Amino acid sequence: MVLILIVGLLAPGCAAPAPPREGSRARIAPSPTSSPSPAARVLRVRVYADVDHRARGLHWERAFEAWLQRASNAVRGPLGVTFELESARAWERRGSDGPLEPVLEALESLDAGEDVDLVMGLVAAPVSFSGAQHELGFARVLGRHCVLRGLGGELPVEARQRLEVAVLLHEWAHTLGAPHVRDGRGWMSPKYDAGQKGFDARTLALLGAGLRHLPGARVELEAQKAWARELRGAVEAMTGPAWEGPERDFLLEWTERVRASSVVLGPEGTPRSLTPLERQRLAEVIALEKAGRPDVAAEALEPLAVRHPQDERVQLLACYLAVRLTPGLDATRERCERAISRFPGEPSLRMNVALLHLHAGRFDEARDSLVAARRNLEARAEVEPAQWADLAGLFLRAHCVTWAEETAARAPGLAAAAAVLEQAARLRRQVALPARAEAGTSPALEPAREGDLVRAVSDVEALLHAGSSGPARERIAALAQAFPASASVALLQCELHLFQGRLDSARTACERVLALREDAVQAHLLLGVLATNTRAHARARKHLERVIALEPSRTEAWHLLAREYRGTRQLRTLQARYREQFARDLP
């Protein structure tokens, strides 16, 4: 018998034999030798025998090997096939009564069989003999597994051996796609008869197609498409009441799905899921990555990534490892973007692509990817706080300060989120960004534009430090147009005037910054420098003390303040404070 899975049409189940129409039964000769001599092919078989089967025969392994040999003798001529026993293994299950479908599913879970051509399970003989194939054996159409019942000693030896060959080859043929043939004369009949012998010519053609393309067609897209084309031609030639039924319909549906698919499909007509062995390999890959061996993990994962493009967990990990190891490669970006097209609702993919953009300096693209990741997270009923913290950190790296703060606030209590909030506050003070708008008020600066302004401040300061005041002046003028009344632009103007020696203009610009953001630490430092140079000691001390209060790590403020306190009692106090802060003496 056969397990049929009709995608979108039928639930998993057995294909029941369609009753023949009186007077219209197709007369099909078995024709086992009608085809030219095929190329020789050895098929490796792994067999499992359950407790009940083993209890009924002392030398069951030897008996099964002889069974395989008889089956080989029957198909070596017409198909060139020889079955070879790869291994015989004990199967710790009991209970041979009842339907065979759950037994088949247990065998599939036990051993995916990717390293052999066929996995067989042996269970004990039925209580009484039945000629119905579904009671003697069971297989999944286009699968790799079948289950066979042993046969009791009540049958004469020759009859039993003939029946064993018929049952084994019947179920094996199902795994290559062969449907039942309801003329009652060949091995693919739904009911066994002692007079049956061989496969009919059209079934032989179908089996030949499978032998030409398997096992590659189970894991390689082009090989599967080639098999599907040939399989469809063979099935379409099977016309008449002998082949009518859901099995033929399923095969035509499956081949059509393969034709339209961009990924390898399993027997169910859906993308192949991970086998137990592949799930074990995936766990090993994750363990390698956690152990600090991402290069080995990526190499071990690659075969799974190629074989399972529709498996979300595999593709997420493949994108992550590629971003970690080769962020500068176009292939890494393409891999992650392909994964996004398949799993558009997965936020971690968007975050990894944002990392690639950040690595390449594409800040606008990074921002857009992060905004999309935020939408993905917001659409979920439950989100791990760590995901919000990770997203907040990436927003900050993209200089989207407000969005970083808002996102970090969704992960209260996490150290990573607290670190983002602290760094965002420092960045605001450093470049004199407007403070976050209070609830219900309009922001002073659109969050989407914050990154542009932060990067512009950094670029202009780099020009000034390099002595390029002309280009810096031009950039500042453009920023004043784009961000009117911005404290950040006023800060740059203060630095430019100071660089040019225009001290009064510099002082005016920096004081304008503090009027907008009193905690703008750089403005305090510049005003402290100006006051020191003009011997305005009280003003210098005020601004430099404010710098230290806001950013204790700014050592240049400590050094300037030490000069201001030289010869006073405050110097000793400052030195003690410095030792406490840095665990060393103030130079």
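Small disclaimer: the values here were computed from a predicted structure and weren't measured. Note: hydrogens, waters and symmetry copies are ignored here, and every other heavy atom, side chains too, is used.
- For Asp117 (side chain) and Arg44 (main-chain N/O), a donor-acceptor pair under 3.5 Å exists by modelled atom type.
- Tyr320 is listed as a side-chain neighbour of Arg324, based on a closest heavy-atom distance under 4.5 Å.
- Counting only distance, with no hydrogens or angles, the side chain of Arg335 and the backbone of Ala322 share no donor-acceptor pair below 3.5 Å.
- Contacts classified as ring-ring contact (aromatic ring centres under 6.0 Å, His included) and involving residues 58-79 (residues at least two apart or in different chains) are given here: Phe64-Trp67.
- A side-chain contact (heavy atoms from CB on, under 4.5 Å) with Arg140 holds for exactly one of Glu101, His174, Glu108; it is Glu108.
- The pair Arg248-Glu244 fails the salt-bridge criterion, with no side-chain N (NZ, NE, NH1 or NH2) lying under 4.0 Å from an Asp/Glu carboxylate O.
- Formation of a donor-acceptor pair under 3.5 Å by the His145 side chain with backbone atoms of Asp111 is found in this model.
- Expressed to the nearest 0.5 Å, how far OG of Ser189 lies from CG of Asp183 amounts to 7.0 Å.
- The structure places CZ of Arg338 at 11.5 Å from CZ of Phe343, a figure rounded to the nearest 0.5 Å.
- With Gln315 contributing its side chain and Ala305 its backbone, the two residues share a donor-acceptor pair below 3.5 Å.
- Atom CG in Asn376 sits 9.0 Å away from atom OG in Ser348 (nearest 0.5 Å).
- Between Asp115 and Arg46 there is a salt bridge, since at least one side-chain N of the basic residue sits less than 4.0 Å from a carboxylate O of the acidic one.
- At a threshold of 4.5 Å between non-hydrogen side-chain atoms, the residues Leu211 and Leu176 count as touching.
- The two atoms that bring Leu356 and Arg333 nearest to each other are CD1-CA, 3.5 Å, heavy atoms only.
- Contact record, Trp187 with Ala166: CD1-CB, 3.6 Å, taken as the closest heavy-atom pair.
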Between Met238 and Leu206, does the side-chain contact (heavy atoms from CB on, under 4.5 Å) criterion hold? Intermediate values first, please.
CA-CA 10 Å; Met238 293 175 165; Leu206 183 149; 3.9 Å; yes

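- Residues Arg149 and Val123 are in side-chain contact: their nearest non-hydrogen atoms beyond the backbone lie under 4.5 Å apart.
- Between Arg89 and Glu61, none of the side-chain N atoms (NZ, or NE/NH1/NH2) sits under 4.0 Å from a carboxylate O, so this pair counts as no salt bridge.
- Here the closest heavy-atom approach between residue Leu251 and residue Gly177 is recorded as CD1-O, 3.0 Å.
- Put simply, the side chain of Arg202 gets close to the backbone of Ala237: a donor and an acceptor are under 3.5 Å apart.
- With hydrogens and angles ignored, the 3.5 Å screen pairs no side-chain donor or acceptor of Arg229 with any backbone N or O of Arg259.
- A donor-acceptor contact closer than 3.5 angstrom links the side chains of Gln69 and Asn73.
- Side-chain contact check for Met188 versus Gln196: every heavy-atom pair is 4.5 Å or farther apart.
- Within the 3.5 Å criterion, the main-chain N or O of Lys197 finds no donor-acceptor partner in the side chain of Arg162.
- In this structure a side-chain-to-backbone donor-acceptor pair under 3.5 Å is present from Arg54 to Trp91.
- Between Leu316 and Arg313, every side-chain heavy-atom pair lies at or beyond the 4.5 Å cut-off.
- Pairs engaging residues 277-320 under the disulfide (SG to SG under 2.5 Å) rule: Cys319-Cys336 [sequence neighbours left out].
- Other residues, nucleotides and ligands place no more than 12 heavy atoms under 6.0 Å from the CD atom of Glu384.
- Between Leu100 and Leu148, every side-chain heavy-atom pair lies at or beyond the 4.5 Å cut-off.
- Classification of the Phe199-Trp172 ring pair by plane angle, with boundaries at 30° and 60°, yields tilted.
- With a 4.5 Å cut-off on side-chain heavy atoms, Glu253 and Asp249 do not count as touching.
- The two residues Val285 and Leu317 have their closest heavy-atom pair at CG1-CD2, 3.6 Å.
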Given Val103 and Arg93, is the side-chain contact (heavy atoms from CB on, under 4.5 Å) satisfied, shown in steps?
CA-CA 9 Å; Val103 182; Arg93 70 165 299 277; 3.8 Å; yes

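- Applying the 6.0 Å contact sphere to CZ of Arg380 captures more than 12 heavy atoms from other residues, nucleotides or ligands.
- How far CG of Asn352 is from NE2 of His357: 11.5 Å, rounded to the nearest 0.5 Å.
- Between the CG atom of Leu118 and the CG atom of Leu168 there is a distance of 7.5 Å, given to the nearest 0.5 Å.
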side-chain contact (heavy atoms from CB on, under 4.5 Å) evaluation trace for Arg144 with Thr175: CA-CA 6 Å; Arg144 199 195 294 263; Thr175 67; over 6 Å; no

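- Smallest separation of non-hydrogen atoms from Met351 and Ala373: CG-CB, 3.8 Å.
- Counting all heavy atoms, side chain and backbone alike, Ala398 lies closest to Leu370 at CB-CD1, 4.1 Å.
- A 6.0 Å sphere centred on CD of Glu299 holds no more than 12 heavy atoms belonging to other residues, nucleotides or ligands.
- Of the possible polar contacts, one joining the Arg350 side chain to the Pro344 backbone as a donor-acceptor pair under 3.5 Å is found.
- In terms of modelled atom types and a separation under 3.5 Å, the side chain of Glu65 and the main chain of Leu85 share no donor-acceptor contact.
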Discussion item. Does Trp388 form a side-chain contact (heavy atoms from CB on, under 4.5 Å) with Arg374? I'd like the steps, not just the answer.
Written reply: CA-CA 8 Å; Trp388 288 120; Arg374 184 180 62 186; 4.3 Å; yes

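- Contact check for Trp254 versus Val235: no side-chain heavy atoms found under the 4.5 Å cut-off.
- The environment of Glu158 atom CD is sparse: at most 12 non-hydrogen atoms of other residues, nucleotides or ligands sit within 6.0 angstrom.
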